[in-house]
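Notes to accompany the following structure.
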Amino acid sequence: MKNTILIKVQRSFSKVRHTTVKYSPEILTGAGIIGLGATAYFAFKSAKKVEVITDDLENRRKIEEEIEALKDQIAEAAREGQDEKEVELKEQLSVMSKGFEPVSRPEVVRDLAGAVAKPVLTGGLSICAIALSYYIQHHRIMALAGAFASATLEREVFEKRFKEKYGEKQWEEFSEPTEEEQVVDKKGKEQTIKVKSKKDPSGLYGRWFDESSEYTADDLTYCAAFIDAQSTAMEDKMFRNGYIVLNDVLDKLGFERTRMGAFVGWDASQNFEIKRRTTTVTNPVTGEIETQIFVHWPKPKYVFDEIDYDGRYSE
């Protein structure tokens, strides 16, 4: 029984720890923002304390100046032999110096440091929390970019070897997101049909254009012209900015954005072009043969690590 309870406690602790680590950037950013708000509040409260310290400092310096002036007057009265005036001035000096403490720099620094300690400490910790959240998120993105680069490289090697062995045309047919299915027709005979498949649900390399908001089923000529126009627009944007991300392409073509599309794309060192491939497939619902357009583009890469502005678009 005790072991069971202990295991449950350990699992709960591990779950809490995992959740905390998983959302640590959000937690740290939120804590940093709250801390900055607290810093502003503490700074407002400390302003009155600093004002009291500076007023006291000014008063003490003023008294110091008056004491120094009295000492000069006493010395002058002594030189001129004005004994009564000298005694009177000494009495004033005695009264003014009673209980007076000269200005001490270490004391002033200590008082000011104590007054502003809360806002400075809170502000420093808040900035550290925000910086740490950025550090964690940056390293996670870099790790993800490394994994993505490895996967892209594997696909590139596979594509190269396939083309060398079977040729470019065979590669286009092989990479086309379709699959063959065995169906029985109305006469009871089996036949093989080609239907659309979702072999690339991430949309990193292409999409069926009927998924686009710009798709018109009764006018594929318009669809083809639209795709070509967006390809030209993307090349112009590449020329202007030096890079484009996948979400830029998805936006132009009328597809939904993806998380991956926010930080993968192409820079000016790559040959970018949106291509289209028209193919005949069988509608799995109606069984009718229909023509569809598959839109595809070059392999994207992580673009925010190093952007090349000296590629083929730089001239």
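Side chains are part of it too, since the values below use all heavy atoms of this structure and drop only hydrogens, waters and symmetry mates.
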What's the spacing between [X] [atom1] and [Y] [atom2] if we round to 0.5 Å?
X	Y	atom1	atom2	result
Lys275	Ile293	NZ	CD1	16.0 Å
Tyr205	His296	OH	NE2	14.0 Å
Cys223	Asp218	SG	CG	8.5 Å
Leu220	Asp210	CG	CG	10.0 Å
Ile127	Leu125	CD1	CG	9.5 Å
Ile130	Ile33	CD1	CD1	6.0 Å

[X] side chain vs [Y] backbone, donor-acceptor pair below 3.5 Å:
X	Y	answer
Gln137	Tyr134	no
Thr54	Glu51	yes
Ser212	Glu214	yes
Asp248	Val245	yes
Ser213	Gly254	yes

* Verdict with reasoning, Thr291 to Thr279, per side-chain contact (heavy atoms from CB on, under 4.5 Å) -> CA-CA 6 Å; Thr291 302; Thr279 185; over 6 Å; no
* Asked: Taking only residues at least two apart or on different chains, which pairs with a member in residues 27-50 satisfy side chain to side chain donor-acceptor pair (under 3.5 Å)?
  ->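 Non-adjacent pairs meeting side chain to side chain donor-acceptor pair (under 3.5 Å): Thr29-Ser133.
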Check whether more than 12 heavy atoms from other residues, nucleotides or ligands sit under 6.0 Å from atom [atom1] of [X], and answer yes or no.
X	atom1	result
Tyr135	OH	no
Glu256	CD	no
Lys237	NZ	no

* To do: Report the C-alpha distance between Ile274 and Lys252 in whole Å, list the side-chain angles of each, state the deciding distance to 0.1 Å, and finish with yes or no for side-chain contact (heavy atoms from CB on, under 4.5 Å).
  => CA-CA 11 Å; Ile274 299 175; Lys252 283 291 184 180; over 6 Å; no
[Y] reachable from [X] in the ILVMFWY side-chain graph, under 4.5 Å edges:
X	Y	value
Leu246	Phe263	yes
Tyr302	Ile136	no
Leu132	Ile27	no

* NZ or CZ of Arg207 within 45° of Phe255 ring axis and under 6.0 Å ->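 Positive - Arg207 is close enough to the ring of Phe255 and near enough to its axis.
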For the student: nearest non-hydrogen atoms of [X] and [Y], plus distance:
X	Y	value
Thr258	Gly261	OG1-N, 3.0 Å
Asp219	Thr216	O-OG1, 3.1 Å
Gly32	Ser126	O-CB, 3.4 Å

* Asked: Tell me the salt bridge (charged side-chain N to carboxylate O under 4.0 Å, His left out) pairs involving residues 220-230, sequence neighbours left out?
  ->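 Those involving residues 220-230 are Asp228-Arg276.
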* Residue pair Asp267, Ile244: steps toward the side-chain contact (heavy atoms from CB on, under 4.5 Å) verdict -> CA-CA 6 Å; Asp267 62 24; Ile244 55 175; over 6 Å; no
* Asked: Aromatic rings Phe158 and Phe162: how do their planes relate, parallel, tilted or perpendicular, breaks at 30° and 60°?
  ->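 Rings of Phe158 and Phe162: tilted, as their planes differ by 30° to 60°.
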* Asked: Would you call the rings of Phe226 and Phe209 parallel, tilted or perpendicular, where under 30° means parallel and over 60° means perpendicular?
  ->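 Phe226 vs Phe209 ring planes: tilted.
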Is there a side-chain contact between [X] and [Y] in this structure, where contact means two heavy atoms from C-beta onward sitting under 4.5 Å apart?
X	Y	result
Phe272	Trp297	yes
Met260	Leu204	yes
Arg140	Ser24	yes

* To do: Could you give me the CA-CA distance, side-chain angles and deciding distance for Asn271 and Trp266, then say whether side-chain contact (heavy atoms from CB on, under 4.5 Å) is met?
  => CA-CA 9 Å; Asn271 292 321; Trp266 306 265; over 6 Å; no
